[in-house]
Amino acid sequence: MIFLSIGPNYTWAQAWRHMWTRGNKADASKLQSLLTKKYDAQKALLFSQGRGALAEAVRLATGGEGKVAVTSMTCFVVIEAIRTAGCEPLYVDVDRHTLQFNADNLRRAIKSEDVRAVIVQNMLGIPVEIDEIMKVAHEHDMAVIEDLAHAVGGQYADGREIGTVGDYTMLSFGRDKMIDTINGGALVIRTTDVKNVVQPPLEEVPTIQQLRDRIYPLFACSVRGLFASGLGKCIHWFAYKTKIAVRSADDGTHPERTLPYWQAKLAHEQLKTIDKKVTMRLKNQDIYQKELTDFSVAASSNGVRWPLLVENRSEVLAKLKQAGVYAEDVWYEVPVSPARLYKTVHFPEETCPVAVQTTKHILNLPTHQLVGAEDITKICAIIKKEAKIWK
Ligand SMILES: Cc1ncc(COP(=O)(O)O)c(C=O)c1O
């Protein structure tokens with residue numbers, strides 16, 4: 001069986017190690033130093049989640065007022081982070097080929113609004129046209145926040161590393177990300193022009209949450225291993241019902257919480273070796289790209305997942321499932337994901353029609369360590385047989 005998510009960054013051995021890893025203050029300092037050096041920054045702060053780091057970035061970038069331009073294919077927690085900082089989102093429609101906004105869309109969306117910052121997401125590791133976007137940001141006196149939740153280890157077209165260009169860089173170490181410690185995040189401050197006093201997160205993550213983070217990889221390995229027998233599904237249902245596991249978007253935003261030392265140690269190890277992971281994923285991405293050219297969008301620079309656009313998504317997902325490939329966890333199936341919370345954000349569908357359509361047709365395929373060339377070839381055969389090109 002092949003899963004797009006459910007702990008793909010964890011084998012049993014990695015999950016076991018994650019469970020018992022210990023860390024100390026020096027590990028947190030090492031991670032901060034590496035971030036500061038890698039992203040050529042003034043300072044790096046460690047947070048319990050990426051959304052906390054993003055909320056602090058928005059607060060520093062805007063002074064806690066006005067609007068923040070954000071892509072219209074994003075995650076619910078991004079919008080929550082903007083609101084936690086005291087701002088409102090200004091959604092910018094996407095380009096269907098790159099799955100994110102370009103400079104023209106951004107310029108059109110701003111009009112005469114009080115937009116104080118722009119979040120650049122580099123969707124699925126696909127690099128944005130950063131120079132053009134920086135130009136618009138300068139024209140409108142907006143700070144640029146690079147959100148690396150999808151894009152750690154990726155590059156812009158000119159070879160600059162993603163995260164080394166804007167005023168603030170935010171990283172997520174959440175589940176399924178390139179750096180995955182189940183929860184975690186960082187804010188890298190690359191500017192001296194901050195509009196608020198920096199508030200380093202000082203509170204500890206509650207013990208219950210740390211326990212959940214500790215056991216999640218073992219839980220995920222069990223679910224995957226027992227899925228075929230039906231027991232995996234039951235364990236999955238039971239864990240969420242009893243809150244042994246919690247859905248990521250339900251966790252709230254806690255900019256006051258810092259990253260536990262043991263997770264800092266694991267994040268440091270993963271960030272140091274990120275190039276190896278990128279190389280592995282790009283190799284897998286290459287197979288998809290060669291086999292499924294007609295379905296592909298712009299190429300990702302880190303291969304976090306392989307996105308494609310199809311006419312008949314639910315049919316294709318059902319056929320994949322019949323063949324033992326579970327790929328329902330799409331980034332993103334609605335403009336502000338997950339679908340169960342979409343209505344609550346009051347997304348302005350009329351101003352972002354391309355995003356509304358594109359999110360109905362996008363699929364993601366796995367590139368992670370648990371899939372090999374043979375699996376990918378099998379997936380490609382199903383797509384070729386069952387999928388219709390979205391025109
Ligand atoms: C694009 C994007 N930015 C930021 C975040 C926030 O990351 P975290 O889950 O670590 O809070 C997410 C979460 O998945 C995301 O998808």
Side-chain angles (χ1 to χ4, degrees), residues 4-5 7-9 45-58 68-85 89 91-92 94 99-101 117-128 145-152 154 162-163 166 168-188 201 205 209 212-213 216 245-260 263-264 266-267 270-271 300 302 304-305 307 329-339 341-342 345 355 359 362 364:
L4 175 63
S5 48
N9 292 312
L45 301 171
L46 306 181
F47 289 79
S48 63
Q49 291 175 307
R51 65 201 74 173
L54 189 58
E56 180 63 0
V58 170
V68 175
V70 62
T71 181
S72 48
M73 279 176 80
T74 194
C75 180
F76 176 78
V77 302
V78 170
I79 306 309
E80 276 212 317
I82 293 171
R83 294 200 163 125
T84 300
Y91 295 100
V92 185
V94 300
L99 308 176
Q100 54 205 331
F101 59 76
V118 53
I119 298 175
V120 172
Q121 188 173 290
N122 293 294
M123 177 74 178
L124 290 156
I126 301 168
V128 295
I145 301 169
E146 292 178 87
D147 171 348
L148 267 57
H150 295 190
V152 177
I162 294 176
Y168 301 88
T169 296
M170 170 247 130
L171 294 95
S172 163
F173 311 143
R175 290 181 212 168
D176 301 0
K177 306 284 169 36
M178 292 294 279
I179 297 175
D180 179 346
T181 63
I182 306 306
N183 268 310
L187 168 60
V188 179
V205 173
Q209 180 62 43
R212 279 193 196 113
D213 288 1
Y216 182 84
V246 177
R247 294 191 193 287
S248 172
D250 295 342
D251 250 1
T253 308
H254 302 284
E256 72 286 357
R257 289 186 188 164
T258 189
L259 184 68
Q263 281 166 310
L266 292 167
Q270 293 181 35
L271 185 61
S300 167
N302 68 353
V304 60
R305 287 173 170 203
D329 172 31
V330 177
W331 291 353
Y332 294 110
E333 81 286 27
V334 283
V336 181
S337 172
L341 299 173
Y342 178 53
V345 297
T359 50
I362 189 167
N364 306 161

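Scope of the values below: all heavy atoms of this structure, side chains included, with no hydrogens, waters or symmetry mates. Remember, it's 1-based here, ligands and their atoms both numbered in the order they're listed.
Counted by atom type alone, Ser5 and Arg305 present zero donor-acceptor pairs between their side chains at under 3.5 Å.
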Quick one, Asn183 with Gln209, criterion side-chain contact (heavy atoms from CB on, under 4.5 Å). Give me CA distance, side-chain angles, the key distance, then yes/no. CA-CA 9 Å; Asn183 268 310; Gln209 180 62 43; 3.2 Å; yes
- Query: Does the pair Leu271 and Val152 meet the rule for a side-chain contact (heavy atoms from CB on, under 4.5 Å), with working shown?
  - Reply: CA-CA 9 Å; Leu271 185 61; Val152 177; 4.2 Å; yes
Identify the protein atoms, limited to N or O, that lie within less than 3.5 Å of an N or O atom of ligand 1, and list each pair with its distance to 0.1 Å.
| unit_1 | atom_1 | unit_2 | atom_2 | d |
| --- | --- | --- | --- | --- |
| ligand 1 | 3 (N) | Asp147 | OD1 | 3.3 |
| ligand 1 | 3 (N) | Asp147 | OD2 | 2.6 |
| ligand 1 | 7 (O) | Ser172 | OG | 3.3 |
| ligand 1 | 9 (O) | Arg51 | NH2 | 2.9 |
| ligand 1 | 10 (O) | Gly50 | N | 2.8 |
| ligand 1 | 10 (O) | Ser172 | OG | 2.7 |
| ligand 1 | 11 (O) | Gly50 | N | 3.2 |
| ligand 1 | 11 (O) | Arg51 | N | 2.8 |
| ligand 1 | 11 (O) | Arg51 | NE | 2.7 |
| ligand 1 | 11 (O) | Arg51 | NH2 | 3.4 |
| ligand 1 | 14 (O) | Lys177 | NZ | 2.8 |
| ligand 1 | 16 (O) | Tyr332 | OH | 2.7 |

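Rounding to the nearest 0.5 Å places CD1 of Ile145 at 5.0 Å from CD1 of Ile119. Expressed to the nearest 0.5 Å, how far CZ of Phe173 lies from CD1 of Ile179 amounts to 5.5 Å. If you take CD1 on Ile162 and CD1 on Ile126, they are separated by 10.0 Å, rounding to the nearest 0.5 Å.
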